[in-house]
Amino acid sequence: MTPGKRRGSLLTGLALAVEFLTVLPVRRAHVDEPVSAEPPDMARALPWFPLVGALLGLAFVGLDWALAFAFPLGIRAVALLAFDALVTGMLHLDGFVDCCDALLGMRTIERRLEILRDSRVGAYGALCGALLLIAKFAALTALVSNPVRVLALLATPILGRWAMVYAVTRYPYARAAGAGAPFRNRGVSQLVLATIMMLVLLATSAFVIGDSISAIGPLFVLTALLFVAALLVLLGWLAWASRRLGGELTGDTYGAACVLVELAVLVLAPPLAELAFRIVGG
């Protein structure tokens, strides 16, 4: 592969990741690759998911910083939740709500898959969706320490999008067609690349946010603790969801994994920050 084609392929993967994870009108035709009538191979987009998360995180930090000049934490939290929903098209939230409708309660695997295809929202989904937004609002208003708040706003979408890559690459897809079908060519290599990207982005964030040498150490420890917490939540969710679906997953479960990991990072950031400063400070 020539350098030009390799660069075009990389840019295509990034464009596909942005298109899938956001509502931004990225046009693949501008990448050095002809447009095809066939569905795109989304596997090439997977390594870029954490980078798209980082770009979203930077947008969250910028919006939060701008609003801080005039508005209290509560208003800023609502604005961040609204911006997140708008820029992602509520894709992941919709997956979480659908999973709550389908996976909660006593049903057969076939019936759960049918409910996941249904666009209507049931009682389980409505209640769990409301509780999720309330919990995220409460978590955002609890983040009052500036370095920890900034790190959490960056780490949340990075880890959430990495969680999707883990789910896609480690579990079989339950359907012949659907939101997750374009990822069928995925493999361990995509997970390795996405993990490296995620770790580099988190480490860079901790280093840049540290306003002094003494603060960098605790932020690195906090980043590691947040990753461990996110991984535990992710593994728990995937084990439970796959068991409810006969060992397989769907596109909705990928979105729910992202949402749950994001919630865990936001909720656990304050107590884990206190633990990190105690560890480094002795």
Side-chain angles (χ1 to χ4, degrees), residues 7 10-22 24 26 42-65 80 83-84 87-88 91-92 139-140 143 145-170 186 188-211 215-235 254-255 257-269 272-273 276:
R7 183 171 57 254
L10 291 174
L11 292 177
T12 299
L14 177 57
L16 287 170
V18 173
E19 284 187 340
F20 183 80
L21 295 172
T22 73
L24 299 179
V26 178
M42 291 297 298
R44 74 176 80 180
L46 291 173
W48 296 103
F49 273 34
L51 179 58
V52 176
L55 295 176
L56 289 171
L58 287 173
F60 297 153
V61 170
L63 176 61
D64 189 59
W65 174 82
L80 288 172
F83 179 77
D84 184 22
V87 78
T88 62
L91 175 67
H92 316 312
L140 286 168
L143 285 166
S145 172
N146 192 54
V148 175
R149 183 178 179 85
V150 173
L151 182 60
L153 290 177
L154 286 171
T156 295
I158 293 173
L159 287 169
R161 274 66 187 176
W162 174 82
M164 297 178 69
V165 180
Y166 186 95
V168 167
T169 56
R170 301 303 295 166
R186 79 283 188 269
V188 177
S189 61
Q190 282 90 1
L191 176 58
V192 171
L193 291 172
T195 302
I196 293 172
M197 176 80 74
M198 176 267 294
L199 293 174
V200 169
L201 289 170
L202 289 180
T204 303
S205 299
F207 180 80
V208 172
I209 294 169
D211 53 2
I216 292 177
L219 290 177
F220 270 111
V221 174
L222 172 59
T223 300
L225 293 174
L226 289 175
F227 169 69
V228 172
L231 180 60
L232 292 176
V233 170
L234 174 64
L235 294 177
Y254 302 156
C258 176
V259 167
L260 290 171
V261 165
E262 287 185 331
L263 178 61
V265 173
L266 290 174
V267 169
L268 295 175
L272 290 180

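Just so it is clear, the structure is predicted and the values come from calculations on it, not from any experiment. For the numbers below, each heavy atom of this structure counts, side chains included, while hydrogens, waters and symmetry mates do not.
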Check whether any side-chain heavy atom of L154 sits under 4.5 Å from a side-chain heavy atom of I209, and report yes or no.
yes

Given L159 and L202, is the side chain to side chain contact (heavy atoms under 4.5 Å, CB included) satisfied, shown in steps?
CA-CA 9 Å; L159 287 169; L202 289 180; 3.9 Å; yes

Find the distance between CG (L80) and CZ (F60) and round it off to the nearest 0.5 Å.
7.0 Å

With heavy-atom distances below 4.5 Å as the criterion, would you say the side chains of R161 and V165 are in contact?
no

Can you tell if the side chain of R44 reaches within under 4.5 Å of the side chain of T12, non-hydrogen atoms only?
yes

Does the side chain of V188 come within less than 4.5 Å of T169's, by heavy atoms?
no

Which atom of T156 lies closest to which atom of A152, heavy atoms considered
OG1-O, 2.6 Å

On a heavy-atom basis, which atom in A276 and which in V221 lie closest, and how many Å separate them?
CB-CG1, 3.8 Å

Inter-residue atom distance L46.CG - L193.CG, 0.5 Å rounding
10.0 Å

Here the pair of heavy atoms bringing V261 nearest to A163 is CG2-CB, 3.8 Å

Would you indicate whether the side-chain heavy atoms of L21 and T88 approach each other to under 4.5 Å?
no

Could you tell me which non-hydrogen atom of L191 sits nearest to which non-hydrogen atom of Y166, and how far apart they are?
CD1-CA, 3.8 Å

What distance separates N146 CG from L151 CG, expressed to the nearest 0.5 Å?
11.0 Å

Tightest non-hydrogen contact, residues W48 and G13, listed as CD1-C, 3.4 Å

Nearest heavy-atom approach of P157 to E262 is CA-OE2, 3.7 Å

Give a yes or no on whether the ring-centroid distance for W162 and F227 is below 6.0 angstrom.
yes

If we only count heavy atoms from C-beta on, is the V265 to V233 side-chain gap below 4.5 Å?
no

Are E19 and L24 close enough, and set up right, to give a side chain to side chain contact (heavy atoms under 4.5 Å, CB included), and what steps lead you there?
CA-CA 6 Å; E19 284 187 340; L24 299 179; over 6 Å; no

Sub-4.5 Å side-chain heavy-atom contact between M164 and H92
yes

Classify the ring geometry of F49 against F20: parallel below 30°, tilted from 30° to 60°, perpendicular beyond 60°.
parallel

Step by step, would you call I158 with L56 a side chain to side chain contact (heavy atoms under 4.5 Å, CB included)?
CA-CA 8 Å; I158 293 173; L56 289 171; over 6 Å; no

T223 side chain reached by S205 side chain, heavy atoms, under 4.5 Å:
no

